[in-house]
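Structure first, commentary second.
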Amino acid sequence: MSGPPLFGIVPAGQQLITEPSSTLSPTSFLYTLPTSRSFSHIMVFLLPSISLSEGTAAAIYVGTVRDVAGAVQSGGTPQFKFLGGIGAGKDSALFKVASNAVKSDDDGLMLGISIESADSVGQRLQELSVEKMNTFAANPDAPQIPTPVLAQRIIQNAFNFLASFSGSAGPGGVEVVPLKAFEEWWRKFEARIRADPGFLDRQND
C-alpha cells in the first residue's frame, strides 16, 4: 500500500487493524477480520490527522464467503452488505453485525471500505435507515439497541475510567490524560468484552 493507513478497525474484543489486506484502488480497501472469537460489533474510525477529501465519505461493507445457510458461496467470492459510513462530522462509527453471524468457524470474513461521493453514501444511509425501520416494524418485540446508544456507552465507560488519571500540563494548565491510562482502559475493556460480550447491552443509559 502506498501512503499511510487511513482507517482503524476494531472488532469487539479483538486487536486494532490499520493495514488493509488488499488495496483494490487508491479509494477502495479490503480488511481481513479475525475469526478466532465471536463478536457482534465493529468500530471503524479515521486515524488521527487523516481527513477525507471534501465532498467524499467512506462507505463501510462487510462480507463473507459463506451464505446464510453456512455454505461457501460459488467461487468463494465474498458477498458484501452495506453497513454505513463515516466522513466529515462523523469520523467514527460502531456497527452491529447480525446476532451470531460472526463465529469462530466462519471463513473469509472481510470488511470493505470505499471512498465515494458523500451524496451517494448519504443516500445509501437513508435507504438503510428505512430498511431498519421496516425490519423493526415487522418485529416490534425484538430487542433493539440503537448504535448511537451503544457508542455512547463505550465512550462513557472510557470517560469514567480515564477521569481519575487526568492532570494538567503546559502553559495554562491544559488538561491531559496519559496514553498509558488509555492503554490500561483498553486492556480492561477488552478483557471484559471477552468475558461478557453482552455487558454493554445491559448497561443503563
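Everything numeric in this text was worked out from a predicted model, so none of it was measured.
With values rounded to the nearest 0.5 angstrom, Leu94 atom CG is found 9.0 Å from Ile42 atom CD1. In this structure, the separation between CG on Asp119 and CZ on Arg124 is 14.0 Å, given to the nearest 0.5 Å. Note that the CG atom of Leu6 and the OG1 atom of Thr18 stand 10.5 Å from one another [nearest 0.5 Å]. Here the CZ-OG distance, from Phe29 to Ser21, works out to 11.5 Å after rounding to the nearest 0.5 Å. Interatomic distance, NZ of Lys90 versus CG of Leu46, reported as 11.5 Å (0.5 Å rounding).
In this view, Ser49 satisfies the side chain to side chain donor-acceptor pair (under 3.5 Å) rule with no residue, not counting sequence neighbours. Legend: residues meeting side chain to side chain donor-acceptor pair (under 3.5 Å) with Ser28, ordered by chain and number and at least two apart, are absent. Listed by chain and residue number, nothing satisfies the ring pair (Phe, Tyr, Trp, His ring centres under 6.0 Å) test with Phe45 (two or more places apart in sequence, or in another chain). Applying the ring pair (Phe, Tyr, Trp, His ring centres under 6.0 Å) rule to Phe82 yields the partners Tyr61; only residues at least two apart in sequence or on another chain are considered. Ser120 pairs by the side chain to side chain donor-acceptor pair (under 3.5 Å) definition with nothing, not counting sequence neighbours.
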*asked:* Would Leu83 and Leu111 count as a side chain to side chain contact (heavy atoms under 4.5 Å, CB included) here? Give the steps.
replied: CA-CA 10 Å; Leu83 290 180; Leu111 191 80; 4.2 Å; yes
*Stepwise side chain to side chain contact (heavy atoms under 4.5 Å, CB included) test for Phe7 and Leu47*: CA-CA 5 Å; Phe7 304 98; Leu47 291 172; 5.6 Å; no
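In this structure, Ser25 contributes its side chain and Thr27 its backbone to a donor-acceptor pair below 3.5 Å.
Residues Thr23 and Leu30 fail the side-chain proximity criterion, which asks for heavy atoms closer than 4.5 Å.
Minimum heavy-atom separation, Met110 to Thr32: SD-OG1, 3.5 Å. What you find for Ile9 and Leu33 is that their closest heavy atoms are CG2-CD2, 4.1 Å. Nearest heavy atom pair, residue Ile17 against residue Pro34, reads CD1-CD, 3.8 Å. Residues Phe95 and Ala93 share a closest heavy-atom pair of CZ-CB, 3.6 Å. For the residue pair Ala12 and Phe39, the shortest heavy atom distance occurs at O-CB, 3.4 Å.
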Kindly list each side-chain donor-acceptor pair under 3.5 angstrom involving residues 52-60, sequence neighbours excluded, with atom names and distances?
unit_1 : atom_1 : unit_2 : atom_2 : d
Thr56  : OG1    : Ser53  : N      : 3.4
Thr56  : OG1    : Ser53  : O      : 2.6

